[in-house]
Peer 1: 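Take this structure, written in structure tokens, and hold onto it; I'll ask about it next.
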Amino acid sequence: MSWMKALENYARTAPEELPKDILLSSTEHTVTVKDAYPKAMYHYLVLPRLPSSLVSSSSRISSLQSLLSGDKEDALRVVKILGDDAELAKSHILEEMRKKHGFEWDVNIGFHAVPSMDHLHTHVISSDLISPALKNKKHYNSFHPTLGFFLHLNDVLEWLTEEKLAGKLHINSAKYEGLLKTDLACFKCDEPFKQIPRLKEHLEDEWKKEKRTAVKQKAMKRVHGTDDGEAQRPAKKTKLASTDETPRTPNKLSEANKAESLA
DNA sequence: GTTCTAGAAC
DNA sequence: GTTCTAGAAC
């Protein structure tokens, strides 16, 4: 099965040899490429390059599970480096969003709990989940930001930094794979859907709605010098959605997984 | 991971 | 009759 090795090939190729249209950037330790079948408007992968001086054995970075089962300091170093470059890719995406669409929306950074392809890779993916390559339930659920299959990089960092977790961090594959069969529901409004095509229509509507709101707020800011004309009066408590990153509700399965690891 | 397609769902 | 899903791929 050669497709499983596709990412490993990227990781082993000198970045300057990679096609220009797929390479975003590279460093001593990482390479950032466009996902060949993007599941959102913007979708990149950050890979640790091979051979790697970050870990004693290359097999350590064949997967997240493998990384987590090894030395925690090694794992922490690798995840931090991937995270730094993922943040750079995210900044690039946000800039493209501003240029092309006149507003920014969320970009998620994380790992699939049970990946289909070999070699550790971090997804940097815009939260719209609008793309022709998103074709089935597995595709959608694997990037659903709160379902639990998508492991946010910051959560993985937390697992690794909690010193109590000196023991093992195990990913229960069967449990995570079960999540992929979850009934379809919009990650924004929770509305259920029976079919992928209907959900895809809905996601487009959600994105257009988000765009309208963002553009309207920008116009407000131009006129009033604030996000909202009313927000200037401190007496009136307006409940505005923060433009900053709102803390995500910790997903239950990640928490459950952590609890198991602690036990 | 994708492509293809039989047969289920509509 | 057409759309859609889900399992096989040597």
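Convention: sequence-line order gives letters A, B, ...; per-chain numbering from 1.
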Peer 1: Answer whether the closest heavy-atom distance between the side chains of A:Glu16 and A:Ser26 falls below 4.5 Å.
Peer 2: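 Not touching, per the 4.5 Å side-chain cut-off.
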Peer 1: What is the distance, to the nearest angstrom, from the NZ atom on A:Lys135 to the C1' atom on B:dT3?
Peer 2: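 My rounded result for the distance is 8 Å.
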Peer 1: In this structure, how many angstroms lie between the P atom of C:dC4 and the NZ atom of A:Lys200, rounded?
Peer 2: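 Atom-to-atom, A:Lys200 to C:dC4, this comes out as 11 Å.
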Peer 1: What is the base-pairing partner of B:dA6, counting Watson-Crick and G-U wobble geometry with both distances under 3.5 Å?
Peer 2: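 Per the H-bond distance test, C:dT5.
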Peer 1: Output the single nucleotide from B:dG1, C:dC4, B:dT3 whose closest atom is nearest the side chain of A:Pro197.
Peer 2: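 When the side chain of A:Pro197 is considered, C:dC4 is the closest of B:dG1, C:dC4, B:dT3.
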Peer 1: Heavy atoms under 4.0 Å, any strand shown: does A:Lys181 hit a base, just sugar-phosphate, or nothing?
Peer 2: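 No contact.
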Peer 1: Mind checking whether A:His43 and A:Ser131 have side chains closer than 4.5 Å, heavy atoms only?
Peer 2: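 No, every pair of side-chain atoms sits at 4.5 Å or beyond.
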Peer 1: In whole angstroms, how far is the P atom of B:dG1 from the CD atom of A:Glu8?
Peer 2: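 Taking atom P of B:dG1 as the reference, CD of A:Glu8 is at 17 Å.
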Peer 1: How close or far is atom P of C:dA6 from atom CG of A:Leu180, stated in whole angstroms?
Peer 2: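 Whole-Å distance recorded here is 12 Å.
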Peer 1: Using side-chain heavy atoms (C-beta onward) and a distance below 4.5 Å, is A:Leu54 in contact with A:Asp74?
Peer 2: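 They are not in contact (no side-chain heavy atoms under 4.5 Å apart), so the answer is no.
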Peer 1: Whether the A:Ser59 and A:Ser62 side chains hold a donor-acceptor pair (N or O, under 3.5 Å, no angle test) is what I'd like checked.
Peer 2: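 The answer is no; no qualifying pair exists.
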Peer 1: Looking at every strand, decide which applies to A:Lys138 at a 4.0 Å heavy-atom threshold: base, sugar-phosphate, or nothing.
Peer 2: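 Counting heavy atoms under 4.0 Å across all strands, the contact made by A:Lys138 is with sugar-phosphate only.
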Peer 1: Can you measure A:Asn136 atom CG to B:dT2 atom P for me and round it to whole angstrom units?
Peer 2: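 About 8 Å, once rounded to whole Å.
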Peer 1: Distance-only, no hydrogens or angles: does the A:His101 side chain make a donor-acceptor pair with backbone N or O of A:Glu96 under 3.5 Å?
Peer 2: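 Checked: no pair found.
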Peer 1: Starting at atom CG of A:Asp183, determine the distance to atom P of C:dA6, rounded to an integer number of angstrom.
Peer 2: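 Rounding to the nearest Å, CG of A:Asp183 and P of C:dA6 are 10 Å apart.
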Peer 1: Is the phosphate of B:dT2, meaning OP1 or OP2, less than 4.0 Å from a side-chain N or O of A:His139?
Peer 2: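 It does, given that an N or O in the side chain of A:His139 lies less than 4.0 Å from OP1 or OP2 of B:dT2.
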Peer 1: Take atom CD of A:Glu201 and atom C1' of C:dT3, then tell me their distance rounded to the nearest Å.
Peer 2: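 Between C1' of C:dT3 and CD of A:Glu201: 12 Å.
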Peer 1: Tell me the interatomic distance from A:Phe149, atom CZ, to B:dG1, atom P, rounded to whole angstroms.
Peer 2: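 Taking CZ of A:Phe149 and P of B:dG1, I get 8 Å after rounding.
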Peer 1: Could you check whether A:Ile196 gets within reach of a base, just the sugar-phosphate, or nothing at all, counting any heavy atom under 4.0 Å?
Peer 2: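 Sugar-phosphate contact only.
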Peer 1: Are OP1 or OP2 of C:dC4 and a side-chain N or O of A:Arg198 less than 4.0 angstrom apart?
Peer 2: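 Looking at the OP1 and OP2 atoms of C:dC4, one of them is under 4.0 Å from a side-chain N or O of A:Arg198.
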